[in-house]
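Scope of the values below: all heavy atoms of this structure, side chains included, with no hydrogens, waters or symmetry mates.
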Amino acid sequence: MTKSILMKRRKVTLLQHAPGEGGGILEDEIRKRELPFQRVELFSTNELPPIRGTHLVVMGGEMSVNDEREFPWLAQEKTLIREFIAKGRPVLGICLGAQLIAAAGGARVYPCGPELGWSQVLGMTALDDIVPQRFMVFQVHGETFDIPPGADLICRGEQVAHQGLCWGSALGFQFHLELTQEMIEDWIHKLRSDEQKQILEESRVYLPESNHLCSRIAERFFSAPGEGFRWTGRL
């Protein structure tokens with residue numbers, strides 16, 4: 001069976017929690033591959049509609065995964081993530097998306113010291129073929145997660161230790177690999193001018209490599225089969 005036929009069977013669903021937190025360059029990767037694409041804007045729908053995708057992308061947002069009373073669709077997302085993992089369907093979570101993966105596995109998500117801007121994280125051994133040993137990432141978060149039973153810690157930070165996890169077919173990053181320069185400018189526009197200047201100067205240095213890493217992960221994710229997939233050899 002040709003690669004083009006296999007790719008046509010892949011359908012991507014992207015769960016977006018806030019107007020300014022879309023898929024960024026992940027959406028560029030989807031368009032480049034001409035994959036069928038379903039965007040669910042949960043901030044508008046206030047519920048999770050029927051999902052048609054074989055590949056699930058779960059983006060960030062300002063809410064906590066624990067805010068199910070205010071946002072009932074958070075519970076629906078956790079159930080959906082568990083269903084995808086049970087079938088070996090690929091899941092990629094960013095920031096809140098990573099926390100939702102952890103929560104779906106029964107792990108705690110709780111407040112931590114906030115991180116904003118560029119910081120260094122260390123790659124662990126579980127995905128060392130695509131995740132570097134040391135790299136700079138963009139952070140915007142005030143909560144962290146424990147690692148669910150059966151999952152692997154794949155990235156570690158100095159201030160906040162748990163920066164990435166892998167659980168079966170699901171991969172989650174606490175930081176933002178999807179960012180464009182325009183998204184960073186939008187996210188920091190309320191900071192003091194000196195803080196904005198520092199972050200923008202660092203972005204010119206670190207963003208190209210961050211985007212490159214995102215593209216490498218996207219290649220693994222979007223080329224994965226729609227069922228029976230695992231990021232590592234561990235269930």
Side-chain angles (χ1 to χ4, degrees), residues 2-44 51-62 77 84 89-98 100-101 117-118 121 123 127 129-132 135-141 154-155 163-164 166 169-189 199-200 202-226 229 231:
T2 66
K3 182 178 179 180
S4 61
I5 293 175
L6 287 171
M7 291 302 287
K8 287 180 180 178
R9 293 186 175 181
R10 292 166 170 81
K11 297 180 180 179
V12 181
T13 295
L14 185 144
L15 303 182
Q16 183 173 344
H17 304 97
E21 297 208 34
I25 66 169
L26 286 171
E27 294 190 35
D28 295 338
E29 297 287 342
I30 294 170
R31 287 188 289 268
K32 181 172 71 177
R33 291 167 175 79
E34 299 181 342
L35 293 169
F37 177 39
Q38 175 192 20
R39 181 199 304 276
V40 179
E41 296 181 345
L42 290 159
F43 56 90
S44 297
I51 300 302
R52 303 186 302 271
T54 58
H55 292 54
L56 182 66
V57 182
V58 189
M59 300 309 302
E62 295 182 355
E77 284 187 274
F84 263 67
R89 292 184 171 178
V91 180
L92 179 61
I94 302 294
C95 197
L96 176 66
L100 281 164
I101 292 171
W118 291 95
V121 298
L127 281 177
D129 57 330
I130 55 174
V131 176
F135 55 108
M136 299 295 292
V137 298
F138 194 87
Q139 307 267 18
V140 186
H141 69 100
I154 59 169
C155 297
Q163 293 287 344
C166 180
S169 64
L171 179 66
F173 294 112
Q174 181 60 74
F175 43 86
H176 291 271
L177 287 173
E178 82 284 9
L179 292 183
T180 64
Q181 183 73 22
E182 292 74 21
M183 292 174 72
I184 292 175
E185 291 173 359
D186 178 52
W187 288 10
I188 67 172
H189 76 276
I199 289 175
L200 292 176
E202 292 175 344
S203 297
R204 282 189 283 272
V205 177
Y206 301 128
L207 187 59
E209 184 59 31
S210 177
N211 288 167
H212 177 67
L213 176 57
C214 186
S215 295
R216 290 175 58 190
I217 292 166
E219 175 61 30
R220 174 78 63 90
F221 178 70
F222 292 122
S223 64
F229 172 70
W231 283 95

Original post:
What are the two closest heavy atoms between Ile101 and Leu171, and how far apart are they?
Top reply: CD1-O, 3.6 Å

Subject >> Neighbour count >12 (heavy atoms, 6.0 Å) for atom CD, Glu27 >> reply: yes

**OP:** Could you check if a side-chain atom of Ile94 sits within less than 4.5 angstrom of a side-chain atom of His176, using non-hydrogen atoms only?
**Re:** yes

Subject >> Side-chain donor-acceptor pair present, Glu77, His17, cut-off under 3.5 Å >> reply: yes

Original post:
Which word best sums up how the rings of Trp118 and Tyr206 line up, parallel for under 30°, tilted for 30 to 60°, or perpendicular for over 60°?
Top reply: tilted

Original post:
Is it the case that Arg33 places NZ or CZ above or below the six-membered ring of Phe222, under 6.0 angstrom from the centre and within 45 degrees of the axis?
Top reply: no

Original post:
Between CD of Glu185 and OG1 of Thr180, what distance do you get to the nearest 0.5 Å?
Top reply: 8.5 Å

Original post:
About how many Å separate CG of Leu56 and OG of Ser169, when rounded to the nearest 0.5 Å?
Top reply: 9.5 Å

**OP:** Grab the two heavy atoms, one from Leu26 and one from Ala218, that are nearest each other, plus how far apart they are.
**Re:** CD2-CB, 4.2 Å

Subject >> Minimal non-hydrogen separation, Gln174 against Ala98, with atom names >> reply: N-CB, 4.1 Å

**OP:** Of all the heavy-atom pairs spanning Gly60 and Cys95, show the shortest one and how long it is.
**Re:** CA-CB, 4.3 Å

**OP:** Inspect the contact between Glu29 and Lys32 and indicate whether a charged nitrogen and a carboxylate oxygen are less than 4.0 angstrom apart.
**Re:** yes

Original post:
Just wondering, do Leu92 and Val58 contact through their side chains at under 4.5 Å, heavy atoms?
Top reply: no

